[in-house]
*Asks:* 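The structure is given below, and queries will be raised subsequently.
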Amino acid sequence: MQLYSFKISTIWKRSYKGVEWKPCVNMSTGVLPESNGFIFIEANGGLNQQRTSICNAVAVAGYLNATLVIPNFHYHSIWKDPSKFGDIYDEEYFIDTLANDVRVVDTVPEYLMERFDYNLTNVYNFRVKAWAPTSYYRDSVLPKLLEEKVIRISPFANRLSFDAPRAVQRFRCLANNVALRFSKPILTQGETLVNKMKGLSANNAGKYVSVHLRFEEDMVAFSCCVFDGGDQEKQDMIAARERGWKGKFTKPGRVIRPGANRLNGKCPLTPLEVGLMLRGMGFNKSTYIFLAAGPIYSANRTMAPLLEMFPNLQTKEMLASEEDLAPFKNFSSRMAAIDYTVCLHSEVFVTTQGGNFPHFLMGHRRYLFGGHSKTIRPDKRKLAVLFDNPKLGWKSFKRQMLSMRSHSDSKGFELKRSSDSIYIFPCPDCMCRKNKTTASAT
């Protein structure tokens, strides 16, 4: 019996001018010179915004020949996750991996803390502007570091320009692609779910599709879009916006234009829209899909059509027992890390909304898969027009979806430009050319 209308492994056909790429991060073997002092940063945001802070902090510490103190994770009212660095990442592995490139310690030495009454909030804090160039750290931060011997930078998300010298980029590559690995409990649970997904999709050579669905209540509310929930949805969204962003959306003069948001591709795709898009791209009922998501808004109603179109859809909650997930359940970043792991190893990753989670995944997948992100990135502006056209037939819609899928394939290989994120585009800073093949780009 034919289980799949096409083989998932045949989706990705493009190559980058016949060139393959491989991970290429150089690690030092020599002894580090004497440290110029200690840098302590606060990483704010969710899992992957914190990851940005960590990698940038490693780069700044390496550039200034400073000792990095294990970053503190700032508690946020939205994510409500009190996890520490070691709860998410393997702290010992992180320190050991960087040992010959950047000194990392878990605490500031007591003799220095004594000067500040053992309170890090008394340490001089730099308020660094977003996307600061390396020259700022050299000319402004370094002199103060040499004077004080310990400085604090808070907040630290996006406080280092992506346009940086190659030596600085090497530290970023080393931190993101080599030194940062999830803690053993997260890694074990994530790998268990990967193996389960591969087992379920054995009829397709263990290849499965992962979808990052952003249709949680806070995302729906923040988008200021209108879906199909009527008065109940309207009241839910007003309440959610007030809880999460008190007064932000009710300021005098603030105008919310749901229709314009949708046409501009700002609205998160609904589960129904995701299902229609995937069916149009050729995936059918037999496809095994892993859904990475938080609690879906009005799930009983909104998820029904997606589950009908893809009955083999799985989530971490469906694959793992309550007992298995208990250590992670009340920690949003740990749950996101499990989702990240399962998405990372899928043959196809589908992103339905921007953000740090899909961006880091695209870069990580490029790093692992020879430079190709193996990611479907739908054009949401185009989708809005198609979905809102009552005269569009299925054949025409499917033709558009196959074209969109092919476009994602062609954009799988992309080289970093000066202002691009190295975490999305690891070529060529973190990767090098493997060989030249006779195959040409198709």
Side-chain angles (χ1 to χ4, degrees), residues 8-9 11-16 19-25 45-56 157-158 162 169 172-173 175-178 180-182 190 194 197 207-214 219 265 268-269 274 277-278 281 289-293 336-380 383 404-432 441:
I8 293 176
S9 59
I11 289 179
W12 311 119
K13 301 174 181 178
R14 307 297 180 103
S15 63
Y16 182 78
V19 177
E20 291 183 21
W21 295 80
K22 65 177 180 179
C24 199
V25 181
L47 174 70
N48 290 289
Q49 189 168 324
Q50 290 173 343
R51 191 179 183 109
T52 303
S53 297
I54 295 165
C55 297
N56 287 348
N158 304 322
F162 283 124
Q169 303 292 47
R172 279 172 154 157
C173 296
N176 186 42
N177 298 306
V178 185
L180 275 180
R181 76 179 183 190
F182 291 129
V194 169
M197 284 302 299
K207 298 184 185 299
Y208 61 92
V209 177
S210 63
V211 177
H212 183 224
L213 179 62
R214 292 305 314 273
M219 175 57 69
L269 294 180
V274 171
M277 178 186 74
L278 292 177
M281 288 181 175
I289 293 177
F290 177 79
L291 190 73
I338 294 171
D339 277 342
Y340 185 100
T341 302
V342 186
C343 290
L344 180 64
H345 296 287
S346 62
E347 177 64 17
V348 178
F349 172 58
V350 182
T351 173
T352 64
Q353 186 77 0
N356 290 307
F357 186 96
H359 288 165
F360 265 95
L361 263 170
M362 287 172 61
H364 203 158
R365 288 166 66 82
R366 282 187 168 113
Y367 186 79
L368 291 181
F369 301 144
H372 197 302
S373 67
K374 295 190 174 184
T375 297
I376 292 175
R377 298 179 66 192
D379 182 339
K380 292 203 297 174
L383 281 174
M404 200 174 288
R405 195 188 85 188
S406 178
H407 181 71
S408 290
D409 186 13
S410 69
K411 302 294 283 185
F413 285 99
E414 286 189 274
L415 300 188
K416 181 186 179 302
R417 295 166 299 184
S418 61
S419 60
D420 287 337
S421 167
I422 196 170
Y423 309 125
I424 307 174
F425 305 100
C427 298
D429 295 285
C430 309
M431 305 183 75
C432 48

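For clarity, every value in this text was computed on a predicted model and none was experimentally measured.
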*Asks:* Just verifying a value: how many Å separate F162 CZ and S421 OG, rounded to the nearest 0.5 Å?
*Replies:* 3.5 Å
*Asks:* Quick check: do Y367 and P23 have side-chain heavy atoms less than 4.5 Å from each other?
*Replies:* yes
*Asks:* The criterion is side chain to side chain donor-acceptor pair (under 3.5 Å); which residues satisfy it with D420, sequence neighbours excluded?
*Replies:* R417
*Asks:* Should K380 and Q353 count as side-chain neighbours, where that means a heavy-atom distance under 4.5 Å?
*Replies:* yes
*Asks:* If only atom types and distance count, is the side chain of K22 paired as donor or acceptor with the main-chain N or O of C24 below 3.5 Å?
*Replies:* no
*Asks:* Is a side-chain N or O of D409 found less than 3.5 angstrom from the main chain of K13, in a donor-acceptor match?
*Replies:* yes
*Asks:* Any heavy-atom pair between the side chains of N177 and R172 that's under 4.5 Å?
*Replies:* no
*Asks:* Looking at V211, L344, T375, V209, which hits side chain to side chain contact (heavy atoms under 4.5 Å, CB included) with F349?
*Replies:* T375
*Asks:* Mark yes when over 12 heavy atoms from residues, nucleotides or ligands other than H359 sit less than 6.0 Å from its NE2; otherwise mark no.
*Replies:* yes
*Asks:* Return the CG to CD1 distance between D429 and I422, rounded to the nearest 0.5 Å.
*Replies:* 4.0 Å
*Asks:* List for me each residue that meets salt bridge (charged side-chain N to carboxylate O under 4.0 Å, His left out) alongside K411, sequence neighbours excluded, and say none if there are none.
*Replies:* E414
*Asks:* CD of Q50 to SG of C55: how many Å apart, nearest 0.5 Å?
*Replies:* 12.0 Å
*Asks:* Using 0.5 Å steps for rounding, measure from the CE atom of M277 to the CE atom of M404.
*Replies:* 8.0 Å
*Asks:* Does a side-chain heavy-atom distance below 4.5 Å link F425 with M362?
*Replies:* no
*Asks:* Regarding Y423 and N56, do their side chains bring together a donor and an acceptor under 3.5 Å, going by distance alone?
*Replies:* yes
*Asks:* Heavy atoms, side chains only, cut-off 4.5 Å: are V348 and W12 in contact?
*Replies:* yes
*Asks:* Carefully, step by step, assess N176 and F360 under the rule side chain to side chain contact (heavy atoms under 4.5 Å, CB included).
*Replies:* CA-CA 9 Å; N176 186 42; F360 265 95; 3.5 Å; yes
*Asks:* Ignoring hydrogens and geometry, is there a side-chain-to-backbone donor-acceptor pair from S210 to S346 under 3.5 Å?
*Replies:* no
*Asks:* Please, which pairs that meet salt bridge (Lys or Arg N to Asp or Glu O under 4.0 Å) have at least one residue in residues 337-359, sequence neighbours excluded?
*Replies:* K207-E347, K316-D339, E347-K374
*Asks:* Any chance you could measure L368, atom CG, to S373, atom OG, to the nearest 0.5 Å?
*Replies:* 12.0 Å
*Asks:* Would you sort out whether R214 and L269 count as a side chain to side chain contact (heavy atoms under 4.5 Å, CB included), showing the intermediate values?
*Replies:* CA-CA 7 Å; R214 292 305 314 273; L269 294 180; over 6 Å; no
*Asks:* Compare every heavy atom of M431 with every heavy atom of G370, then report the nearest pair and how far apart it is.
*Replies:* C-CE, 4.1 Å
*Asks:* Using 0.5 Å steps for rounding, measure from the OG1 atom of T351 to the CD1 atom of I376.
*Replies:* 10.5 Å
*Asks:* Output yes when a side-chain donor or acceptor of T352 lies under 3.5 Å from a complementary backbone atom of H212, and no otherwise.
*Replies:* yes
*Asks:* Within the 4.5 Å heavy-atom criterion, are I289 and L278 side-chain neighbours or not?
*Replies:* yes
*Asks:* Would you check if the side chain of R365 reaches a backbone N or O of H372 as a donor-acceptor pair within less than 3.5 Å?
*Replies:* no
*Asks:* Are I338 and F182 close enough that some pair of their side-chain heavy atoms sits under 4.5 Å apart?
*Replies:* no
*Asks:* Determine, step by step, whether R51 and N356 satisfy the side chain to side chain contact (heavy atoms under 4.5 Å, CB included) criterion, reporting the C-alpha distance in whole Å, the side-chain angles of both residues, the deciding distance to 0.1 Å, and the verdict.
*Replies:* CA-CA 9 Å; R51 191 179 183 109; N356 290 307; over 6 Å; no
*Asks:* Are any non-hydrogen side-chain atoms of K416 and Q169 less than 4.5 angstrom apart?
*Replies:* yes
*Asks:* Quick one: closest heavy-atom pair of F357 and A336, and the distance?
*Replies:* CE1-O, 3.6 Å
*Asks:* Assign the ring pair H364 / Y340 to parallel, tilted or perpendicular, where the plane angle (0 to 90°) is split at 30° and 60°.
*Replies:* tilted
*Asks:* Starting from the C-alpha separation in whole Å, work towards a yes-or-no answer on side chain to side chain contact (heavy atoms under 4.5 Å, CB included) for Y208 and H345.
*Replies:* CA-CA 9 Å; Y208 61 92; H345 296 287; 3.9 Å; yes
